[in-house]
Amino acid sequence: MDIFAEIEIPASSEPSPKPLVSVPISAGAVSDPIRQKFYDMRGMASDNPYTWNDARLFFRQAKFMESFADDYASFAEFSMHYPCYQRMGYERLRTYFTWRAALRRGETVRTALSYVFLHIYELLSCIGKNSPEEALAGLVSLRKAYAPQFPALENYLPTWLTDFHIYYNIPLVEYENDTLSDWNAFSSYDITKSKFYADNADLLTECFPYVVRALTALAGKKSMMLREIFSHTSSQFVPWQPFRRAIFHPHFNQPDRTTILPNGQVYTVTDNKFATRHITPYAHKKDLAAYIIKKTESLLRQHSSYKKITANPILLQIQSVTMPEITHAIESAVVDFYKEKNRVEIKINHANLTRIREEAEDITEKLIVEEVPSPLPSMGVLDIVEKPVENSFADVLTSIEKEAIRLIHRDGDMQKIKAFAKDEGLMLEILIDGINEKAMDMIGDNLIDADSDIAIYDDYLSHLQTFL
């Protein structure tokens, strides 16, 4: 075969978008087998380079170079929109295939963003992998390794990962779409600039998935998907192209099918052509996301005794969902978060149940004191703490907690109890959980039943009434 040399003729300082010019050279001039490999790869476009579809040529060349590995000692910097082999020089090709070989060995080494995108294009076509599942794992691993260094990857990979499931008909596993950072990315309120976030980033990050789940449940009750709060889905199907903004050649015929994602998005394939329903974003999507984030922050500030902020509801024009419902869902989510965060997990060894019963009886006896000659009508529930046996329990209670117990035992009026907690700037659920947590530490059991109407457990109430 004829041997060619490559001559790059850029039109400006930017790399030329046209194929490299090839000119014949003498057969004895090529002694480098790696350079010869690159020549052979480029030769795939020599028959008629201007009629080749770039994506189709890339796929054919990628299959040709699928198992190639290099060990180039130098590093060539690389910056190119839509990187592809045909437009890369000798040093860049050697740098890329050396980096790719290290990556396949599980090594995360220095590289340039354009090399990462080139490898992503390969993985989208399953180059170098035995199955789409392996290629998908490679994409996820690549994202984890290089997204922190190259944030621009996050502008493409989340969409391409979803496209991958659709194109290769793999059941979709939800990615990190319920995190605070995901929502903050399209919110008009940047919480990362908040001083409370600077001091309590972990608290906000842990709580926000509870909020997303509560909003998802709210949408479900209305026979909606959460995304429908932020968009409107058309009833008509429109053409859809997988892996937009990537170099990708549809390399196999698709069977006719319908794919429904967990978020309700519907995709169809008919005669090897994809279609989906058109989605129109809600006009005030950013403001709604801002309210949800800011309302969550406001509630967490309140529970952390931090300076208060106000989250003003927006005018929501979405069928079947009201702003008060969204607000209530957020408030409930924060309550659930604190319940879980403050929950004390107790593991019981059933082989020791006899011992546990004996200890429970001993605890009950501690709550009973010797009879007194005359009744004590002025004594209330908390007056028991004057007895030496319960001094330790009283010591750990705050004055607010003591008054709450008096109200629960004396009145049993939920409205009065809630008003008391509100006046003290506390959520009633958090107040009760705090009392029960201290009771668990001191007497080994909850004192207050908060699952239904708030009341002192009968097991202890029958003994406490002796001293009223």
Side-chain angles (χ1 to χ4, degrees), residues 140 143-162 172-220 224-231 261-263 281-282 284-314 316 318 321 323 325-343 427 429-430:
V140 173
R143 180 188 188 186
K144 182 178 180 181
Y146 288 101
Q149 180 183 354
F150 302 117
L153 292 175
E154 291 302 295
N155 295 329
Y156 302 87
L157 274 177
T159 299
W160 289 346
L161 286 169
T162 301
L172 176 63
V173 177
E174 291 287 359
Y175 295 99
E176 306 94 315
N177 57 1
D178 65 344
T179 67
L180 180 60
S181 60
D182 291 334
W183 284 61
N184 196 60
F186 65 86
S187 166
S188 60
Y189 171 65
D190 186 357
I191 196 171
T192 61
K193 296 180 180 179
S194 164
K195 188 176 186 306
F196 180 74
Y197 177 85
D199 297 336
N200 301 274
D202 290 343
L203 183 68
L204 281 157
T205 301
E206 292 174 13
C207 179
F208 200 74
Y210 286 78
V211 173
V212 175
R213 287 194 289 272
L215 293 172
T216 301
L218 170 63
M224 301 169 60
M225 305 301 297
L226 178 56
R227 64 180 176 81
E228 292 183 73
I229 297 180
F230 295 94
S231 61
L261 301 186
N263 65 4
Y282 171 51
H284 300 288
K285 172 182 177 180
K286 292 184 176 181
D287 294 334
L288 179 56
Y291 172 74
I292 292 170
I293 293 174
K294 197 169 186 179
K295 182 63 178 179
T296 303
E297 178 187 358
S298 174
L299 293 169
L300 293 178
R301 279 173 174 256
Q302 178 181 340
H303 297 310
S304 303
S305 299
Y306 212 88
K307 182 180 178 181
K308 295 181 179 180
I309 62 170
T310 301
N312 296 319
I314 65 173
L316 189 63
I318 298 179
V321 179
M323 206 67 216
E325 288 176 317
I326 290 178
T327 300
H328 179 70
I330 299 171
E331 292 171 344
S332 298
V334 173
V335 171
D336 290 342
F337 165 70
Y338 272 106
K339 281 185 177 180
E340 183 67 22
K341 188 177 181 64
N342 297 324
R343 183 172 63 89
M427 290 190 68
E429 292 85 352
I430 304 303

Point to revise | 4.5 Å side-chain heavy-atom contact, Phe337 and Leu203 | key: yes
Review point. How many angstroms lie between atom CZ of Arg213 and atom OG of Ser332, to the nearest 0.5 angstrom?
Key: 13.5 Å
Review point. Can you check side chain to side chain contact (heavy atoms under 4.5 Å, CB included) on Lys195 and Asp199, steps first, answer last?
Key: CA-CA 6 Å; Lys195 188 176 186 306; Asp199 297 336; 3.1 Å; yes
**Study point:** Which atom of Tyr197 lies closest to which atom of Leu180, heavy atoms considered
**Key:** CE1-CD2, 3.9 Å
Review point. What heavy-atom pair brings Tyr189 and Ser194 nearest, and what distance separates the two atoms?
Key: OH-CB, 3.8 Å
Exercise for review: Could you go through the side chain to side chain contact (heavy atoms under 4.5 Å, CB included) check for Ile309 and Lys294 one step at a time?
Suggested key: CA-CA 8 Å; Ile309 62 170; Lys294 197 169 186 179; 3.9 Å; yes
Review point. Does Arg301 reach the main-chain N or O of Lys308 with its side chain, forming a donor-acceptor pair under 3.5 Å?
Key: no
Practice item. Please step through side chain to side chain contact (heavy atoms under 4.5 Å, CB included) for the pair Glu154 and Ser181, ending with a clear verdict. Key: CA-CA 12 Å; Glu154 291 302 295; Ser181 60; over 6 Å; no
Practice item. May I ask you to check whether Tyr306 and Asn200 show a side-chain donor-acceptor distance below 3.5 Å? Key: no
Practice item. List the steps, then state whether side chain to side chain contact (heavy atoms under 4.5 Å, CB included) holds for Ile191 with Phe196. Key: CA-CA 9 Å; Ile191 196 171; Phe196 180 74; over 6 Å; no
Revision key, fill the gap. Result for side-chain contact (heavy atoms from CB on, under 4.5 Å) between Thr296 and one of Leu300, Ile293, Leu299 points to Leu300
Practice item. Using the side chain to side chain donor-acceptor pair (under 3.5 Å) rule, take Tyr210 and Glu340 through it: C-alpha gap first, then chi angles, then the decisive distance, then the call. Key: CA-CA 10 Å; Tyr210 286 78; Glu340 183 67 22; 5.0 Å; no
**Study point:** Ala214 to Ala333 - nearest heavy-atom pair and separation
**Key:** CB-CB, 3.7 Å
Practice item. Compare all side-chain heavy atoms of Asp190 with those of Asn184 and state whether any distance is below 4.5 angstrom. Key: yes
Check your understanding: What orientation do Tyr156 and Trp160 show, parallel under 30°, tilted 30 to 60°, or perpendicular over 60°?
Key -> tilted
Check your understanding: Under a 4.5 Å cut-off applied to non-hydrogen side-chain atoms, are Arg143 and Pro158 in contact?
Key -> yes
Check your understanding: Taking C-beta and beyond as the side chain, do Leu288 and Ile326 meet within less than 4.5 Å on heavy atoms?
Key -> yes
Revision key, fill the gap. In this structure, CG of Asn312 is separated from CG of Asp287 (nearest 0.5 Å) by 11.5 Å
Check your understanding: Considering all heavy atoms of both residues, which atom of Thr327 and which atom of Lys295 are nearest to each other, and what is their separation?
Key -> CG2-CE, 3.7 Å
Review point. Any side-chain heavy atom of Trp183 within less than 4.5 Å of one from Val212?
Key: yes
Check your understanding: Are side-chain heavy atoms of Cys207 and His303 found at a separation under 4.5 Å?
Key -> no
